[in-house]
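The structure appears below as structure tokens.
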2 protein chains.
Amino acid sequence: MTIIKSNEQKSSTGRVRKKNQSIILKAAEQDFLEHGFKGASIKGIAERAGIPRANVHYYYKNKEAIYSDILLEILSLWDSSIITSNEEPAKVLGDYILAKVMYSKTNPEASRIFAGEFIHGAPRLKTYLETSFKTWIDEVKATIEGWIKQGKMDDVDPLYLLFTIWGATQHYADFSPQVTAAMGKDKLTDEDFEQVAKTLTQIILKGCGITK
Amino acid sequence: MTIIKSNEQKSSTGRVRKKNQSIILKAAEQDFLEHGFKGASIKGIAERAGIPRANVHYYYKNKEAIYSDILLEILSLWDSSIITSNEEPAKVLGDYILAKVMYSKTNPEASRIFAGEFIHGAPRLKTYLETSFKTWIDEVKATIEGWIKQGKMDDVDPLYLLFTIWGATQHYADFSPQVTAAMGKDKLTDEDFEQVAKTLTQIILKGCGITK
DNA sequence: TAATTACCTGACACTAGTGTCAAGATAAAA
DNA sequence: TTTTATCTTGACACTAGTGTCAGGTAATTA
């Protein structure tokens, strides 16, 4: 399997197909989340989805095909929060941090599946990392380097800055049990997430010497 | 399985036992790393270790028992980097960030297994999170709150600060394929890690208003 | 060096999971 | 309302993985 292409559905009007695929994908996401790719099973997914296993096989050749569909959707979501270069650093980075925190709040499952992929060596993301990801990175890097040259912020390695933002924001989704244990609550509230974004923005902007 | 206690070896002089357990654990760590807990198999571990499966069963009742041993060792490592309260914030936090970055460099496998545990809901860490972890957190929280009261740093939620440090430092181990892809190299060098620690310390200390 | 204890492993009897297929049921199009 | 394409599912024939045990071999200890 090599991401990028997928969704090679048997041509059809869809409808029943669409509904069932969605049920299967939802069940699969849960199973992958709990057990990881290797640990998840079509059997388990079928049971969770409440349909016979053979029916899952009717829509998806195998586990890889299901996972591929899920990963593809996650990637499109992940990429979409883009840094635009026309605004001031404070605005751009602030927006980006907020978007990332909200992503952790709204799509913790996606974040975790994505993280799991990296933890296990990202065997299915090689091409993605070499293509669209690399392009995106290079653009952002150039933008930030521009800011530094213009004296709009301290001389901070753009990549380390990005990694810091990613690590700090994704942490709330990926390490959720640790976070909630530390905070002594079952679940973070909307206000908690807002506060996280605010604090993080404050630390990082100030830490990079961005005043305005 | 409920962490905390383990290592209930059949009493013995050890030696052959010790050697073999170490071989098994090393192989198991790799297998867990690649496939996650559920995805790893005793069969796979035995093959990787180069011994018959029945021999693995001689030392370990089942997969849980192996995993338990590994997790226990990781936890002891993780806890050990402690924040001491007698020094100035700049020194304490700087040391802590450095220690965390170096942990990511030296023990990426441990970091990833630990992360995997959280991603999959941390079913085996519940007691840990409620006991030693919680105690540690509360102490550190008090220390940082003390610094804030003394005006040694900005009013930043201690927990959010900690999460930021964890997320940012662990990122280099847990998301290693993403990091290397972004940086365009196969592996981070010692200098890279030093630079990471330096940059991170700079951002976070300055970001929290710690000047000295 | 004999006796005891620790270690090793092939073989067995499972359970879990996979992928395919044929025959029927539903839905859509003609 | 046929006819045709889509969908459904039990059943089959696998492969992968588990845990135990008996009868050995190698180490230790007396």
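The shown structure was predicted, so the numbers you read here are calculated from the model rather than taken from an experiment. In what follows, every chain begins at residue 1, and chains take the letters A, B, ... in the order their sequences are listed.
Between B:H120 and A:H120, the ring-plane angle classifies as parallel under the 30° and 60° cut-offs.
The interatomic distance linking B:Q21 (CD) with C:dC7 (C1') rounds to 12 Å, in whole Å. Atom CD1 in A:I51 sits roughly 19 Å away from atom P in D:dT6 (whole-Å rounding). Counting to the nearest Å, the P atom of C:dC8 and the CD1 atom of B:I23 are 9 Å from each other. The nearest whole Å value for the distance from the CG atom in A:N20 to the P atom in D:dC7 is 8 Å. Per the geometry, CG belonging to A:N55 stands 5 Å off P belonging to D:dT9, to the nearest Å.
At least one donor-acceptor pair closer than 3.5 Å links the side chain of B:D157 to the backbone N or O of B:L159.
Sorted by first and then second residue, the salt bridge (charged side-chain N to carboxylate O under 4.0 Å, His left out) pairs with a member in residues 21-41 of chain A read A:D31-A:R48, A:E34-A:R48; sequence neighbours excluded.
Between D:dC7 and A:R15, no contact under 4.0 Å exists linking OP1 or OP2 to a side-chain N or O. Of the side-chain N and O atoms in A:Y58, none sit less than 4.0 angstrom from OP1 or OP2 of D:dT8.
Within a 6.0 Å sphere centred on NZ of B:K185, other residues, nucleotides and ligands contribute more than 12 heavy atoms. With a 6.0 Å radius and a threshold of 12 heavy atoms from other residues, nucleotides or ligands, B:K18 has its NZ atom at or below the threshold.
B:D190 and B:K105 are joined by a salt bridge, as a carboxylate oxygen and a charged side-chain nitrogen come within less than 4.0 angstrom of each other.
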**Asked** Base, backbone or nothing for each nucleotide of nucleotides 14-26 of chain D, written B, S, -, heavy atoms under 4.0 angstrom, 5' to 3'?
**Response** ---SBBB------
